[in-house]
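Structure first, then comments.
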Amino acid sequence: MTGEQQPEQPLLDVVRGAPTEEELAALIAVVTDAYAREAAGAVVREERVSAWTRTQRPLRAPLRRDIPWGRFSG
């Protein structure tokens, strides 16, 4: 495969003991599943904002009726 990138493969080094192929396969399956779950949970989903929402001015705050206007305090 010259010029093409190979898919990422996890690196696993055995530093002690002599595990069997079945034990290595079970370990790889468990670690791969745990990694996939953690990676899926770490993704933040951004809420899509439509162009219509982005261009609209926010609504103004309602008028305060408890403050008198000018000389007229009723």
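Position 1 is the first residue of the sequence; numbering continues from there. Values reported hereafter were calculated over all heavy atoms of this structure, with side chains retained and with hydrogens, waters and symmetry mates removed.
- A single hydrophobic cluster is not seen to contain both I28 and Y35; linkage of ILVMFWY side chains at heavy-atom distances under 4.5 Å, directly or through other members, places them apart.
- In this structure a side-chain-to-backbone donor-acceptor pair under 3.5 Å is present from E23 to T20.
- Put simply, L27 and V14 are part of the same group of oily side chains (I, L, V, M, F, W, Y) that touch within less than 4.5 Å, one to the next.
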